[in-house]
J.: 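Pasting a structure below so you can have a look.
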2 protein chains.
Amino acid sequence: METKDKIRNLAESLIRTKGYNAFSYADLSAPLKVKNAAIHYHFPSKDLLGASVVEEMVHGFQRLTSSWSNQPEAEQLEQFMDIYRNSQQQGMVCLMGSLAPDFETLSPVMQAQLQGMSRVILDWLTTCLEQGRAKGFFQFKGQAADRALLLTSSLISSLLLSRVQQTDLYSRIRQQLLADLLV
Amino acid sequence: METKDKIRNLAESLIRTKGYNAFSYADLSAPLKVKNAAIHYHFPSKDLLGASVVEEMVHGFQRLTSSWSNQPEAEQLEQFMDIYRNSQQQGMVCLMGSLAPDFETLSPVMQAQLQGMSRVILDWLTTCLEQGRAKGFFQFKGQAADRALLLTSSLISSLLLSRVQQTDLYSRIRQQLLADLLV
DNA sequence: TCACAAACTTACCTACTAGTAAGTAAATAA
DNA sequence: TTATTTACTTACTAGTAGGTAAGTTTGTGA
């Protein structure tokens, strides 16, 4: 089951650097030193490979957030933001930022999974903000769900704009988001 | 010069719905009822077509913002946001949101132009916010350039997430951005 | 030891990609 | 009138895309 994971991980990395429609089976098979039929053996179609990437990302997110659940919300939020920092440092955008523009070209299965991913992230962040506000960590006007939406949006695009401008715009955005939020 | 504009406009629309790497010459030639060689006549390569799309978008933006220059900054900002509203209503993402994830796969010329586009937009918005704050329309902490970055980021992703979630998340984001900003 | 399944490779296919060379019809300029 | 340019079409190409059928090797369980 080693190769299967390697394929999925490389596919994720390619999606987040070149985009879903720009990577090919050759981009997977060459570095992994297997033939493209080997990829089809593990993932019968590109759709299913992409779906597996998204699925794994959601599971990874759920594992991560679960592991933080005992920490204060202010720290949980910082850890959440650190995910994007790591991406930025690796020159990657997030999976959502990469796949959302290509949404119309994705299979119904991938579309549904991407939709699910956005729900999972927004729901988690909404709860984090809501509880964090209740405990006095955060301060903001309006509904937590709206704030979660605003935060996520800013973080997604911080990676996109960092890539285009070739500078760490992420940090400038993070700083402001925290300044607006922390008491 | 009719056909050339039709090609560029359709290309823009395709980039913003399917993505740069997902549209082909057939997607242009079929609806326009010309052969793909006709497209190569006007735009020798896909790179140059893409570059032309970005260039035209920048010019359009500059024309628009120039035409607003006598209006109060609060109104200018709303007009700026309306651009994104129109996109959302047409089911499109903005050019930046579409091209930024594919940045690594673009030609150096397109990369430079996209970078230029981000500068033009951020510079305009920075000035708008700065002057609007000086005149008492807006209220915000920190540097105008940072606020401009935060605003633009939120708007770009509002279109991405609206597409994925198939709802008008743009409006929820706009409302918060304005609530945070307006006195 | 034999059967079988897992994890591949070999060899191939069709469809489509951007791109090109050469030709043509119509308008324009000398 | 003739030459040239503009705006294409026709007909093609080389390369690459995702995908598949059939065979091979390697380990495993009965």
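All chains are named by letter (A, B, ...) in the order of the sequence lines, taking the proteins before the strands, and each is independently numbered beginning at 1. The figures here come from the full heavy-atom set of this structure, side chains too, leaving out hydrogens, waters and symmetry mates.
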J.: Write down the distance between NE2 (B:His42) and C1' (D:dT6), rounded to a whole number of angstrom.
T.: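 So the NE2-C1' distance, B:His42 to D:dT6, works out to 9 Å.
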J.: Can you tell me if A:Ser157 uses its side chain to pair, donor with acceptor, with the backbone of B:Ser153 under 3.5 Å?
T.: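 The answer is yes, because a donor-acceptor pair under 3.5 Å joins these two groups.
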J.: Between the side chains of B:Glu78 and B:Arg174, is the shortest nitrogen-to-carboxylate-oxygen separation below 4.0 Å, so that they form an ion pair?
T.: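 So B:Arg174 pairs with B:Glu78 through a salt bridge.
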J.: Calculate the interatomic distance between A:Glu2 atom CD and D:dG27 atom P; express it in whole Å.
T.: 15 Å
J.: So if I take every side-chain heavy atom of B:Ala37 and compare against D:dT9, C:dG19, C:dT17, which nucleotide ends up nearest?
T.: D:dT9
J.: If you draw a 6.0 Å radius around CD in A:Gln143, do more than 12 non-hydrogen atoms from other residues or ligands fall strictly inside?
T.: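 At most 12 heavy atoms, drawn from other residues, nucleotides or ligands, come within 6.0 Å of this atom.
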J.: Closer to the 5' end of DNA chain D via nearest nucleotide, is it A:Ala22 or A:Pro44?
T.: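 Going by which nucleotide is closer to the 5' end, it is A:Ala22.
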J.: Grab the CD1-P distance between B:Ile7 and D:dT9 for me, whole Å please.
T.: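 After rounding, the gap between these two atoms is 9 Å.
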J.: Hey, is the side chain of A:Ser24 poking within less than 4.0 Å of OP1 or OP2 on D:dA17, counting only N and O atoms?
T.: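 Looking at the OP1 and OP2 atoms of D:dA17, one of them is under 4.0 Å from a side-chain N or O of A:Ser24.
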J.: Base, sugar-phosphate, or nothing for B:Lys46, non-hydrogen atoms under 4.0 angstrom?
T.: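 Since only primed, P, OP1 and OP2 atoms lie under 4.0 Å of B:Lys46, the category is sugar-phosphate.
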J.: If the cut-off is 4.0 Å, is B:His40 near the phosphate of D:dC8, judged by side-chain N/O to OP1 or OP2?
T.: no
J.: Does OP1 or OP2 of C:dC8 have a side-chain N or O of A:Thr3 closer than 4.0 Å?
T.: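 Checking C:dC8 against A:Thr3, a side-chain N or O does come within under 4.0 Å of OP1 or OP2.
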J.: Going by heavy atoms in the side chains, are B:Leu151 and B:Met81 under 4.5 Å from each other?
T.: yes
J.: Do the side chains of B:Arg16 and B:Glu12 get close enough for a salt bridge, i.e. N-O under 4.0 angstrom?
T.: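 Salt bridge between B:Arg16 and B:Glu12, a charged N being under 4.0 Å from a carboxylate O: yes.
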J.: Please determine, for the side chain of B:Lys35, which listed nucleotide (D:dT10, C:dG19, C:dC8) has the closest atom?
T.: D:dT10
J.: Could you state the OH-P distance from A:Tyr41 to D:dA22, rounded to the nearest angstrom?
T.: 17 Å
J.: Classify B:Phe43 by what it touches in the nucleic acid, base, sugar-phosphate, or nothing, heavy-atom distance under 4.0 Å.
T.: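 The answer is nothing, as B:Phe43 stays clear of every strand by at least 4.0 Å.
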J.: With heavy atoms under 4.0 Å as the rule, sort B:Tyr25 into base, sugar-phosphate or nothing.
T.: sugar-phosphate
J.: C:dC16 P sits how many Å from B:Lys18 NZ, rounded?
T.: 12 Å
